[in-house]
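Have a look at the structure below, then the notes.
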2 protein chains.
Amino acid sequence: MKEYRGFLIDLDGTVYKGTEKIDEAVTFVKQLKDKGFPYLFLTNNSTKHPSDVSDKLNQMGVPSTTDQVFTSSMATAHYIKQQEPNAKVYPVGEKGLHMALEDADLEIVDENADYVVMGLDQTINYEKLAKGALNIRAGATFVATNGDVALPTERGFLPGAGSLISVLSVTTGVEPTFIGKPESIIVDQALEVLGTTRDETLMIGDNYATDILAGINAGIDSLLVHTGVTTKEDLKTIQNKPTYTIDTLAEWTIED
Amino acid sequence: MKEYRGFLIDLDGTVYKGTEKIDEAVTFVKQLKDKGFPYLFLTNNSTKHPSDVSDKLNQMGVPSTTDQVFTSSMATAHYIKQQEPNAKVYPVGEKGLHMALEDADLEIVDENADYVVMGLDQTINYEKLAKGALNIRAGATFVATNGDVALPTERGFLPGAGSLISVLSVTTGVEPTFIGKPESIIVDQALEVLGTTRDETLMIGDNYATDILAGINAGIDSLLVHTGVTTKEDLKTIQNKPTYTIDTLAEWTIED
């Protein structure tokens, strides 16, 4: 087993399940902190501000600061800032997306946008979709925080960002650039924040289709932990395996 | 030219454009009425009740009764009634859809639906989409009034029924049965209402992709009139032509 110096860690299914912490993950992150390894929580959830996520983690006993949370909304804002520093953006999303764009000093507009950015929006309405469509038809570049088609909740699977985003792609015929996992864009951004190299960084997550593929697509090693979505059975039919697979993070030994 | 005894007539682009009547169409429909030929207005617009549509037509001088308007919502309600007379339905749509389901004596429910029916809904919100997704995942049959991806308005092209419907198909992985034009289902239903045979009925419309294809798919003759969407240029690249093509309905001679 290689020694890794930096860790990108998924949240839901890896560190907690909804409102329940996963004990082995709490212990694992505490060890990373004690041993001084840099780590960053990497989430496709575009709706929350990193300070809210960090607060939730700390309440569960998972040591974290706001700077150690990296959301798909933040990756999206960074991406646009890199492409066009003075871009005008029309966002369709929740607080986490709006705040990420503001934190990146991007101008938010209703019309004549350079970019239409869409993420999960549980306050979606027809007027927001109409403005998104009009801006894209007028030439705005279409960017999406993440493509998850379903949102796991206690009620069952509800529509995720990827399914809401399809309204704009179907009506305009324009496919968005996706930023979140499994795309490499969010991992590339996260590595810059973490400050470790590809070679010494490990991507940890429970979901093959997002977390592990993000690692593979970005060319970094990956660790699948069976505490969430992807089962051992699922993995049998998959060709391109994770670098490592474990049942819980208690099985993973952190070098000194 | 064949003699036709019954006429299925599209509305927007054929009889009027938005709020403006098309004079040649008004004269044409008056002649149909004077000569006693049965005609039925066939529209993919699922949002209006037929009485509202008929009122608008009469105000423009187009003779019509409520019974002479057949919407995609009505075709959808008839379709479900034929499939399962006691079906429980969860609708996502506007007044026209709700009223059509009630007119067909179908029970409207939030949960445990046998059918999820979706049409254009300009009051769409996340909770409606969530309930639609949960019902489909629980086994409800998914039916859509029409697949039009864009809605022409004075602001430009806004999201149409087909793009909103994609939220549910993408999140559940279940494709709906579409009822409206260009599907033959709505034409089959309309022929029953009109009471004429396939052989003696003509489908008239301005849009190749909906009106004319509906005629072709249902096996009835079609007349494309260049007062709306489809241009002569568009038609050049199309293999499967309309039976007839004219510039305005003034060119069409109605037999006695």
Side-chain angles (χ1 to χ4, degrees), chain A residues 46-47 90 92-95 110-113 116 118-140 142 144 146-176 178 209, chain B residues 46-47 90 92-95 110-113 116 118-140 142 144 146-176 178 209:
Chain A
S46 68
T47 65
Y90 178 70
V92 183
E94 297 187 26
K95 177 187 166 193
D110 267 8
E111 289 181 350
N112 301 316
V116 168
M118 190 162 173
L120 180 65
D121 188 349
Q122 291 166 99
T123 62
I124 193 71
N125 61 40
Y126 191 77
E127 184 57 19
K128 291 185 190 184
L129 293 165
K131 282 185 185 153
L134 290 172
N135 274 300
I136 293 168
R137 285 186 187 275
F142 185 20
N146 61 303
D148 304 59
V149 298
L151 184 70
T153 73
E154 53 286 2
R155 294 171 70 192
F157 286 101
L158 303 188
S163 61
L164 297 180
I165 285 160
S166 69
V167 175
L168 296 190
S169 53
V170 169
T171 198
T172 63
V174 177
E175 285 295 323
F178 288 98
Chain B
S46 68
T47 65
Y90 177 70
V92 183
E94 296 186 27
K95 176 188 165 193
D110 267 8
E111 289 180 351
N112 301 316
V116 169
M118 189 162 174
L120 180 65
D121 187 351
Q122 291 165 99
T123 63
I124 192 72
N125 61 40
Y126 190 78
E127 184 57 20
K128 292 184 189 182
L129 293 165
K131 282 184 186 154
L134 290 172
N135 275 301
I136 294 168
R137 286 186 186 277
F142 185 19
N146 62 303
D148 303 59
V149 298
L151 184 70
T153 73
E154 53 286 2
R155 295 171 71 191
F157 286 101
L158 303 188
S163 61
L164 297 180
I165 286 161
S166 70
V167 175
L168 297 189
S169 52
V170 169
T171 197
T172 62
V174 177
E175 285 296 325
F178 288 98

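Just so we're on the same page: letters track the sequence lines, and every chain starts at 1.
When every heavy atom of A/A130 is checked against every heavy atom of B/P159, the shortest pair comes out as CA-CD, 3.8 Å.
In this structure, the portion of B/L120 lying under 4.5 Å from any heavy atom of chain A is its side chain and not its backbone.
Remark: A/Q122 CD to B/L129 CG distance equals 11.5 Å, nearest 0.5 Å. Here A/Y126 contributes atom OH and B/L164 contributes atom CG; the two are 6.5 Å apart, rounded to the nearest 0.5 Å. Taken to the nearest 0.5 Å, the OG1 atom of A/T171 stands 8.5 Å off from the CG atom of B/L151.
Annotation: A/E111, atom CD; neighbour count of heavy atoms from other residues, nucleotides and ligands within 6.0 Å does not exceed 12.
Ranked by non-hydrogen atom pairs under 4.5 Å with chain B, the options A/V167, A/V149, A/D121 are led by A/V167. Contacts with chain B were tallied for A/I124, A/T153, A/I165; A/I124 has the most, counting heavy-atom pairs under 4.5 Å.
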Open item on the list: Apply side-chain contact (heavy atoms from CB on, under 4.5 Å) to residues B/N125 and A/N125 and explain how you reach the verdict.
Closed with: CA-CA 5 Å; B/N125 61 40; A/N125 61 40; 6.0 Å; no
